[in-house]
Structures are given as C-alpha cells and as structure tokens.
Amino acid sequence: MARVIGHIDLDYFYAQVEEVENPSIRDRPVVVCVFSGRTEDSGVVSTSNYNARAIGAKSGMPISAAKRILNGHNPVIIKMVHEKYEAVSGRVMGLVSERVDIFEKTGIDEAFFDITSSTGGDYTAAAKIARGIKDAIFQTEGLTSSVGIGRSKVVAKLGSDSAKPGGLMTILPDSTESFLGPLPVTKLYGVGPKTAAALEEIGIKSVQELSRSDVSLLERRLGRKLASYLVSAASGTDIDPVLANQPPTQFSRIVTLKRDTRNVTEAMEQLEEGIAAIGGRLANSGKSFRTVSVIGIQTDLSTKTKSKTFDIPVRDSALIKEHARVLISQLIKSTSKDLRRVGVRISELSDSTDQRTLAEFVKRKV
DNA sequence: TCGCCCTCCTC
DNA sequence: CCATGTGAGGGCGA
C-alpha cells in the first residue's frame, strides 16, 4: 500500500503572526526584519506578506533596500521577535500532532506527518484530515496554512509549495509522475543555485530529465549521497520515513559585530550572550557535546571555521567559552581579514548518562 | 576520525 | 551600497 504523507507550511509565517496580532495592518505591505544592530537600518528582511512581495520586498533583502522600494506604499516595518513566533508555532504544531499518526516538526513553521495507518491508504480520507487540520489552525490561531499530500516526503513538500498560499493539494500515487515531471529541478529540496548550475551543465533542467538521468554521471558531478537522493526524489520514490521527535544534533549562535575587528576580546565580549544561551540550551537538553566550533564571517563575507573535538563527551558549559576563545584566537591568526560576524557551535551531541565533567569522567575511568 | 569547507534551507 | 540567524548534511584531505 502506498504511504500517505503530508507536509504543512504556515503561510508567510512571521508576517502573518504580526497580522493576526494587529489586523489593521493586513492591507499594507508588512516586512518582518532582523536588525543586526550595526547601524540604524542594517539587517535583512526575514519574511514579508504578499502585499510586500508584490512590490518586490522579499526574504534576504537588506532592510534599507526594502524600505527604498516600499517607500510611498505605507509599509509596516517590524522587528522580529523570535520567542513570539516560537510560542505560536508550539500551539499550532500541537493541533497538527494530535490529528495525525506520526508527526515530525522540521522548522518553526513546517512539519511532515504520516497518516497511512489512520486513512488505510485512502487519499480522500487524507484530504479530510488535512482540511480538519487547516480549519483547526485557522479557528484557534487565525493563521492560514498550505498542505500537500502525497506518497513521499518530497512529493508532499512540493505539494504544499504548489498549494501556497492557503491551499491543499493532494497528489494521488498514480499522478505522482505527471505532477513531478514538468517541475524545474530548482523546486526540489536540496537543489540550490550551485546544484542547479551543475545539473544544467549536463543538460538537466526538469525533474523528468533528472529522473531519467545517468546515476553514475550524477555521482561524479554531485557526490554519491546527493545523486541517489535526487534520482529517488525525482521519481517520487524516496522512502525517507516521517520520524517523530528528531533531537537536535547541534546548538549554535552567531552575531554580527558592532564593527569589523580582529581583536579576540572584542569578539568574545559580543559572543558572551550567545555562549550563555548555548550553555542554557545544553543544560536544558540534558545532553553532552564533544565538539566546539567557532565560525568567522570575514569582511568580504567569506567564512572560516575552527573546531576542537574532545575524546569523550562533556556537559560542562564552561568548556564552551574556554575553547571558543582559543579557537577564535587561532582563527584570527589564520587570516589577514577582519571579522564581520562571529559564531559558536557545539555538536556531536549525545545523551548524557551519569558523567559530569571531563575531570570526573577521567577520574572514574582510571 | 578530525578539521575545514561547501551547499542548502526558510522565515 | 548592502548583505541575519539556526541547523542539517556531505565531501575531502590529512
């Protein structure tokens, strides 16, 4: 029996949350921004509503550029408040998860679900469940969402994308090929500008062309993993299951510095809060980590990283700051450029058992 | 395996 | 002139 998988995506999420909070702005262009704090208007647009998009103000655009093109259109410029969206997201995801068999949140505004078992493979029943989910979210939170249903995660996600904004698209297993075939490869998750260019070089533009391509040629161009994923995705046969409660594998924080610098102390001062936040999340998760990395984004926007992996997992958050300082110092020594942004990450997370600190662990082990 | 880099995602 | 923040995953050389 074919699987029945759904993907739900909340429409222009942050901006829509702001509209719900203040309905009087609905008819105006709304842009939700991340202000970096470097100068008055430095930063980017995170999300914009459809009014703003129609004028050309889109995600990733510098705030100053968005303001320029929205000038005269009575725009609403809002500073992003992440915790607010997290709270809404949590409630919405609760509504979804209680209506499906398996629920997998994949972002603040999106999730996959599996309803194969409760529908018995019936796509009409599946559409009813999806409708119920959309209605519940709209009734309780006033938010519109888009849903796709299909036989794989890739198909479901492409379905929700096609259904945007506000729609529901069901792709029957038998229609999968005709749905996928005409789409450009750039619509596939995992195909960005670089991969699209590499595919185009070997004459592949559509998903249909991708599904019929020579796997070994793709492997040479794109690597083994990406090639096999793309071919299965393109044919709608990807078997990636919906998995509940996927734990995070890393915690990171990155900040834009007040000014470009190559002074370790100055960088550390501005990272202080981020490091504390990572420590908090670590403690909260009860996990241990094995790797500390620092990330430097240089004046020319190129990236450099330095990392340190311990022999055994540790959970002492003081180690994050201690090693971050050393790594940043090494990073700055390894380049002649100034740093514009700097970040810290802990990874190789594992469940803490009863170990406490590196010292204690070693003591006990010896 | 480690360290580093690249690519991508999405709001 | 302007270019955020978080996280996942893979390739590759040493």
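Because the structure is a prediction, the values reported are computed rather than measured.
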Exercise for review: Would you indicate what A:Val255 reaches in the nucleic acid, counting non-hydrogen atoms under 4.0 angstrom: base, sugar-phosphate, or nothing?
Suggested key: sugar-phosphate
Point to revise | A:Lys258 side chain reached by A:Glu266 side chain, heavy atoms, under 4.5 Å | key: no
Check your understanding: Can you find a heavy atom in the side chain of A:Asp9 that is under 4.5 Å from one in the side chain of A:Lys164?
Key -> yes
Point to revise | Any residue of residues 202-239 of chain A with a heavy atom less than 4.0 Å from an atom of DNA chain C | key: A:Gly223, A:Arg224, A:Lys225
Point to revise | Under 4.0 angstrom between A:Arg253 side-chain N/O and C:dT4 OP1 or OP2 | key: no
Check your understanding: Which atom pair, heavy atoms only, marks the closest approach of A:Gly274 to A:Arg253?
Key -> O-CG, 3.5 Å
**Study point:** Pair assignment for C:dG7, Watson-Crick or G-U wobble, requiring both distances under 3.5 Å
**Key:** B:dC8
Point to revise | Side chain of A:Val34 (C-beta onward), nearest among B:dC2, C:dA3, C:dG5 | key: C:dG5
**Study point:** d(CG, A:Asp300; P, C:dC1) in whole Å
**Key:** 16 Å
Practice item. State yes or no: are the ring centers of A:Tyr14 and A:Tyr85 separated by less than 6.0 Å? Key: yes
Exercise for review: Taking the side chain as every heavy atom from C-beta outward, state whether A:Val147 and A:Ser160 have any pair of such atoms under 4.5 Å apart.
Suggested key: no
Check your understanding: Using a cut-off of less than 4.0 Å, is there contact between a side-chain N or O of A:Ser252 and OP1 or OP2 of C:dG7?
Key -> yes
Check your understanding: Is any side-chain N or O of A:Arg290 closer than 4.0 Å to OP1 or OP2 of B:dC2?
Key -> yes
Check your understanding: Can you tell me how far C1' of C:dG7 sits from CZ of A:Phe289, to the nearest Å?
Key -> 18 Å
Point to revise | Sub-4.5 Å side-chain heavy-atom contact between A:Ile137 and A:Ile8 | key: yes
Exercise for review: Rounded off to whole Å, could you give me the CD1-to-P distance for the A:Ile63 and C:dT4 pair?
Suggested key: 9 Å
Study note, to complete from the structure: Given the options A:Ile295, A:Thr261, A:Val255, A:Val342 meets side-chain contact (heavy atoms from CB on, under 4.5 Å) only with A:Val255
Check your understanding: How would you label the contact of A:Arg38 with the nucleic acid (heavy atoms, under 4.0 Å): base, sugar-phosphate, or nothing?
Key -> nothing
Exercise for review: Using the P atom on both, measure B:dT7 against C:dT6 and round to a whole Å.
Suggested key: 22 Å
Review point. Can you tell which of C:dT4, C:dA3, C:dC2 lies closest to the side chain of A:Ser42?
Key: C:dA3
Point to revise | Near-ring test A:His323/A:Phe310, centroid separation under 6.0 angstrom | key: yes
Review point. Distance check: side-chain N/O of A:Thr256 vs OP1/OP2 of C:dG5, anything under 4.0 Å?
Key: yes
Revision key, fill the gap. From OH of A:Tyr85 across to P of C:dT6 the rounded distance in Å is 15 Å
Point to revise | Crowding at CD, A:Glu98 (>12 non-hydrogen neighbours, <6.0 Å) | key: yes
Check your understanding: Within the structure shown, what part of the strands sits under 4.0 Å from A:Phe35 by heavy-atom distance: base, sugar-phosphate, or nothing?
Key -> nothing
Study note, to complete from the structure: Its contact letters, B for base, S for sugar-phosphate only and - for none at protein heavy atoms under 4.0 Å, make nucleotides 4-11 of chain B read SS-SSSSB
Review point. Counting any heavy atom closer than 4.0 Å, what does A:Arg281 reach on the DNA or RNA strands: base, sugar-phosphate only, or nothing?
Key: sugar-phosphate
Practice item. Check every strand shown and say whether A:Thr291 touches a base, only sugar-phosphate, or nothing at a heavy-atom separation below 4.0 Å. Key: nothing
Practice item. Select from A:Pro247 and A:Leu301 the residue whose nearest nucleotide in DNA chain C is closer to the 5' end of that strand. Key: A:Leu301
Study note, to complete from the structure: A:Phe310 atom CZ is separated from B:dT1 atom C1', nearest whole Å, by 16 Å
Exercise for review: Could you give the distance separating C:dT4 and B:dC9 at their C1' atoms, to the nearest angstrom?
Suggested key: 14 Å
Revision key, fill the gap. Taken to the nearest whole Å, CD/A:Gln250 to C1'/C:dG9 is 9 Å
Check your understanding: Under the side chain to side chain contact (heavy atoms under 4.5 Å, CB included) criterion, do A:Leu222 and A:Leu230 qualify, and how do the steps go?
Key -> CA-CA 10 Å; A:Leu222 304 173; A:Leu230 285 179; 3.7 Å; yes
Check your understanding: C:dT4 C1' sits how many Å from A:Leu271 CG, rounded?
Key -> 15 Å
**Study point:** Separation of C:dT6 P from A:Ile278 CD1 (nearest whole Å)
**Key:** 8 Å
Exercise for review: List in chain and number order the residues that pass side chain to side chain donor-acceptor pair (under 3.5 Å) with A:Asp240, two or more places apart in sequence or in another chain; answer none if no residue qualifies.
Suggested key: none
